[in-house]
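Remarks on the structure that follows.
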Amino acid sequence: MKNQQVADILFRIADILDIKGEIFFKVRSYRVAGRTIESMGKDIEVVIKEGMLRDIPGIGEALEKKIKEIVETDQSEYLEKLKNEIPEGVLRMLGIPGLGPKKVSAIYKHLNITTIEDLKQACTDGKLRNLDGFGEITEINILRGIQLIEKTSGRALLNMAYADGNILVEYLKNCDRVKQISIAGSLRRRKETIGDIDILVSSDSSEEVMDFFVKYNDVQQIIAKGSTKTSVLLIDNLQVDLRVVKPESFGSALQYFTGSKDHNIKMRNLAMKKGYKLNEYGLFDKKTDEYIVGRNEEDVYQKLGLAYIEPELRENRGEIQAAIKNQLPNLVKNGDICGDIHIHSNWSDGFDTIETIVSQSKKMGHEYVGIADHSQSLKIARGLSEDRVIKKREEIDKINRKQDDGFRVFCGTECDIKSDGSLDYSDSILEIFDYVGIGIHTKFKMTREEATSRIIRGMENEYVTFVAHPTCRMIGRREPFDLDMEEIFDTAKSTGTCLEINSFPDRLDLNDIHCKQGKEKDVRFVINTDCHRVENMEFIRFGVATARRGWLEKSDILNTYILKEIEKSFGV
DNA sequence: GCCGTTTTCGGCCCGACTGTTTTCAGTCG
């Protein structure tokens, strides 16, 4: 049983209790425990085996018992009982923006509506307006909310939100009332998917900023407009929240609106313990309400006795304790990457020539690049036959001889791991390459044992440098393999194999949690794009962001090595 | 449901916006 599945059951229990009208704090306990388990670096089964479940903050006697039951039996008797009380469709209504537990409960109890389809009809027929606390506008808003979830299915990939957010920031800079501006929220933390874009501005004239904001060309609909907060929907269905604060509050507001929620709760508690009160307007003396700091985010952390915590770390995964002890990692930066070694050229299914890729790499300031085309059995992607491997080797040697600036092209491969774990080239061919990446591209349906041993057998080949996109997940399209990551990390360590952080926005594989877990086992990583056209080489920043979210430092990553070092590592 | 050198009972982060009210509840982040 995976951590995510345990968390999902806890979230479900919380939703039902919420609709039933259970006390807020009880409901919150289930959600807090769910979030902790979901983002925990350690396998929940291992935690239970070690008898450490109760040591996790937020898990007491009752939750311990329920979580153990879930892990042992794959289900929860308590949830099964609760499910009989609230129909599935009613739970789904909680996902509609603007609808919370109280309204959903009223809709279910008084009108006996149990599906979103029926709710839509009831709104159209004007049946909701007679309920206490409901009106005509409520009906319209619910209809809009239903339309929205039907259209967007929730969250956007990081690159989409990143592009939208940056263009919008540039637009807002044209408003002369804007003093300071920053992206905040999950986009600033570089989460792999983004629910909505948060932008923070400091200004002495918020009304004018808000007016300027809603006139942005790509605004489809204004959801809410006030003097401190305005929300709009862009034409690509991404929601943007703009907050405006006074300059003296910009730092504390940036801290507050960057989140995460759990990080902020920890921060507020810490502030309280130290005799302060922390909110988006600043850090205040708890007794006298006197303003202490708030202009800069750094000051807030410093005043609370903390080293500055980079946004990517703010997930309540131990960063506050580390900041107290001044033991935060020195995170890897975009500029630390010296070359991308997983790029497809037109020798297989890539779009560009090797020369074009070289020229783009130089533009990005890299010292080298690795061309890793597909191997022979992947016919659909024009995988290279053994003959063509030799020809490609000759072409790369020729290109290298032409470089007069010390730049180097490495000849690599993304060799298929066949279903039994053997590799798609013989050792005598693998020897031709400067380095070997291996990856799975066929037969994705496997048990945990099969998938784990398939990858491990691949890693045991002496020519292998790294495993590409190890879990093979595609965000929103394909679930990750159920892998025994502990075993994968141990083998990576013992064989000296790197694990890839694939930067493509719909992969981000390994993810942040894997990175942190792997680092604790002293595993080395490599950050690549796996791109098939040079326009996408800039996606490397999303891989770096994922590594940062996983607490990785420059020394944890193979392709931060300068040319001389990586040549030595490849033995070429 | 969790938690504790101020507490084993009584707290638990908190402010903005909306829509419904006529002073506030619900939702959101």
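Note on naming: letters A, B, ... go to the chains in the order of the sequence lines (proteins, then strands), and numbering restarts at 1 for each one. No hydrogens, no waters, no symmetry mates; every other heavy atom, side chains included, goes into these values.
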Judged by each residue's nearest nucleotide on DNA chain B, which is more toward the 5′ side, A:Ile265 or A:Glu64? A:Glu64
For the residue pair A:Tyr171 and A:Tyr216, does the interplanar ring angle fall in the parallel (under 30°), tilted (30 to 60°) or perpendicular (over 60°) class? tilted
Where does the chain A footprint on DNA chain B start and end, counting 5' to 3' with a 4.0 Å heavy-atom cut-off? B:dG1 to B:dG29
As a test of the definition: with a 90° window around 0 for syn, would you call B:dT5 syn or anti? anti
Select base, sugar-phosphate, or nothing to describe what A:Tyr281 touches, counting heavy atoms under 4.0 Å on all strands. sugar-phosphate
Base, sugar-phosphate alone, or nothing: which one does A:Tyr30 contact when heavy atoms must sit under 4.0 Å apart? sugar-phosphate
Would A:Lys303 and A:Tyr276 count as a cation-pi pair here, with the cationic atom under 6.0 angstrom from the ring centre and within 45° of the axis? no
Using side-chain contact (heavy atoms from CB on, under 4.5 Å), reason through A:Thr228 and A:Val245 one step at a time and then give a plain yes or no. CA-CA 7 Å; A:Thr228 67; A:Val245 296; over 6 Å; no
Mind checking the C1' distance from B:dT21 to B:dA25? Whole angstroms is fine. 9 Å
Is A:Lys519 paired with A:Asp556 through a side-chain N to carboxylate O contact shorter than 4.0 Å? yes
So what does A:Lys229 hit on the nucleic acid, given a heavy-atom distance under 4.0 Å: a base, only sugar-phosphate, or nothing? sugar-phosphate
For A:Arg92, is there an ion pair with A:Glu88 - N to carboxylate O distance below 4.0 angstrom? yes
Taking the six-membered ring of A:Phe250 as reference, does the NZ or CZ atom of A:Lys179 fall below 6.0 Å from its centre and within a 45° cone about the axis? no
Students often get this wrong, so: under 4.0 angstrom with heavy atoms, is A:Ser227 touching a base, only sugar-phosphate, or nothing? sugar-phosphate
Residues touching DNA chain B, which here means a heavy atom under 4.0 Å, drawn from residues 111-139 of chain A: A:Gly133, A:Phe134, A:Gly135, A:Glu136, A:Ile137, A:Thr138
Go nucleotide by nucleotide along DNA chain B from the 5' end; which of A:Asn269 and A:Lys26 gets its closest nucleotide reached first? A:Lys26
Any base atoms under 4.0 Å from A:Lys66, or only sugar-phosphate, or nothing? Heavy atoms, all strands. sugar-phosphate
Can you find a side-chain donor-acceptor pair between A:Glu248 and A:Tyr281 that sits under 3.5 Å? no
For B:dT27 and B:dT20, measure between their C1' atoms and round to the nearest Å. 13 Å
What does A:Ile23 touch in the nucleic acid at a heavy-atom separation under 4.0 angstrom: a base, only the sugar-phosphate, or nothing? base
Opposite nucleotide pairing with B:dT8, Watson-Crick or G-U, both atom distances under 3.5 Å: none
Pick the P atom in B:dT23 and in B:dC28, then give their distance to the nearest Å. 26 Å
To the nearest 0.5 Å, how far apart are CZ in A:Arg507 and CD1 in A:Ile501? 14.5 Å
Rounded to whole angstrom, note down the C1' distance from B:dG4 over to B:dT8. 8 Å
When all nucleic acid strands are considered with a 4.0 Å heavy-atom cut-off, which category describes A:Asn264: base, sugar-phosphate, or nothing? nothing
Distance, C1' atom - from B:dC3 to B:dC13, rounded to whole angstrom: 16 Å
Roughly how many Å apart are B:dC17 and B:dT22, using the P atom of each and rounding to a whole number? 23 Å
With rounding to whole Å, what would you report as the distance between B:dC9 and B:dC14 at their P atoms? 25 Å
Backbone N or O of A:Cys472 within a donor-acceptor pair of the A:Asp509 side chain at under 3.5 Å? yes
Flag the pair A:Glu80 and A:Lys83 as a salt bridge only when some basic side-chain nitrogen lies within less than 4.0 angstrom of an acidic carboxylate oxygen. yes
